[in-house]
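Quick notes on the structure that follows.
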Protein chains: 2
Amino acid sequence: MINLLKNKKISKTPFRKEVLAIFNKYNNAIPLSVVEKELKAFNRITLYRTIKVFLEKGIIHEITINGEVSNYAICKEECDTLGHHHQHIHFKCTSCGIIFCVEVDKFPTIILPKYKINQLEIQAIGLCQNCNL
Amino acid sequence: MINLLKNKKISKTPFRKEVLAIFNKYNNAIPLSVVEKELKAFNRITLYRTIKVFLEKGIIHEITINGEVSNYAICKEECDTLGHHHQHIHFKCTSCGIIFCVEVDKFPTIILPKYKINQLEIQAIGLCQNCNL
DNA sequence: TTTAAAATGCAACAATGTTGCAAATAATTT
DNA sequence: AAATTATTTGCAACATTGTTGCATTTTAAA
């Protein structure tokens, strides 16, 4: 939805609408290089700033696995300026390289005595449905 | 142990010994900036190459949380050229910023039908023992 | 429609990471 | 222990990635 921009109280510009449409088009997470290629009128600086705003507003979230180049995906849950609230894991296929979010029935809990855990980031690496045939 | 370099079959040089000693000195993960400051004779290029070799040989592992600058820590388990085999989680304290590895009693398992999960990376974000007092 | 606020894009810069190659050092062989 | 081979180091140069100030343009609000 393009109204997302209105809901998040950020200016609705052609550039942002285009970037948002690209993220919506993909069902998986994508790196900036893919966004670049999809953009009709691409500008590095504006893209960096757009990504930063989208991250801050909880429109997209960043996925970085083992220090590799970051991928970005639309937030499905109610994320906002105050933080991201995801209950999904990130899966990376070592065969086709795809990265995406997966909902799991029972999201793990970890208890560390004397610590306070506010957020759990879980990344699974393996073979996706297609590559595991 | 400095013999680690011999065991991993890589040349034992003063630079590598120094970098290894720095990692051993810290009980937590550290970014390259800290390694730099600790090094007597620092050279950016050699450091990058040393880190790369240490990663490949399974001497250290990389921790990247939410696209922030990577931190590095000694591998405690049997990691080698064929891969890293960790059964610990990575904890980041939002108060003091420290990042370190934590052993957990029961490392979570995630089952995704039709997928094959080879590795699970778990990052917990919250307050560490000191900051949670 | 006018005004105020915000976004864009250029130029310039800063930080991070890489590569070829010659010199230096470490490991191996004799 | 000395000579040979293999590897590492560090310089120069470059490539990539990300940031900032500022004037112009565009969006949102009055």
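Predicted model, so just to flag it, every value in this text is computed and none were measured. By convention in this document, chain letters (A, B, ...) are assigned in the order of the sequence lines, proteins followed by strands, and residues within each chain are numbered from 1.
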Between [options], which nucleotide gets closest to the side-chain atoms of [X]?
X	options	answer
Tyr48(B)	dT20(D), dT9(D), dT18(C)	dT18(C)
Ile45(B)	dA7(C), dT9(D), dA12(D)	dA12(D)
Asn43(A)	dT27(D), dC10(C), dT19(D)	dC10(C)
Ser11(B)	dT20(D), dT7(D), dG10(D)	dT7(D)
Arg44(B)	dA27(C), dA12(D), dT16(C)	dT16(C)
Thr50(B)	dG9(C), dT9(D), dA6(C)	dT9(D)

Once you round it to whole Å, what is the distance between [atom2] of [N] and [atom1] of [X]?
X	N	atom1	atom2	result
Ile51(B)	dT9(D)	CD1	C1'	16 Å
Lys52(B)	dG17(C)	NZ	P	10 Å
Lys40(A)	dT8(C)	NZ	C1'	17 Å
Phe42(B)	dT16(C)	CZ	C1'	11 Å
Lys12(B)	dA6(D)	NZ	C1'	18 Å
Lys17(B)	dT8(D)	NZ	C1'	14 Å
Phe15(B)	dA24(C)	CZ	P	18 Å
Phe54(A)	dA7(C)	CZ	P	11 Å

Practice task
Please round to the nearest 0.5 Å and tell me the distance separating atom CD of Glu36(A) and atom CG of Asn43(A).
Solution key: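 The distance works out to 10.0 Å.
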Practice task
Quick one: pull up SG in Cys93(A) and NZ in Lys116(B) and give me the separation to the nearest 0.5 Å.
Solution key: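 It is 12.0 Å, given to the nearest 0.5 Å.
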Exercise for the section: Walk me through it: do Gln123(A) and Glu121(A) pass the test side-chain hydrogen bond (donor to acceptor under 3.5 Å, both in side chains)? Expected result: CA-CA 7 Å; Gln123(A) 299 162 353; Glu121(A) 295 263 340; 4.7 Å; no
Handout entry: Reference residue Ser70(A); test side chain to side chain contact (heavy atoms under 4.5 Å, CB included); the match among Ile99(A), Thr64(A), Ile51(A), Ile63(A)
Key =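 Testing Ser70(A) for a side chain to side chain contact (heavy atoms under 4.5 Å, CB included) against Ile99(A), Thr64(A), Ile51(A), Ile63(A) leaves exactly one candidate, Thr64(A).
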Problem - Side-chain N or O of Thr13(A) closer than 4.0 Å to phosphate OP1/OP2 of dT8(C) - result: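 Result: yes.
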Practice task
Indicate yes or no: at least one non-hydrogen side-chain atom of Phe23(B) is less than 4.5 angstrom from one of Val35(B).
Solution key: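 Yes - at least one pair of side-chain heavy atoms lies under 4.5 Å apart.
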Practice task
Tell me which of Arg49(B) and Val69(B) sits closer to the 5' end of DNA chain C, going by the nucleotide each one is nearest to.
Solution key: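 With Arg49(B) and Val69(B) compared, the 5'-side residue is Val69(B).
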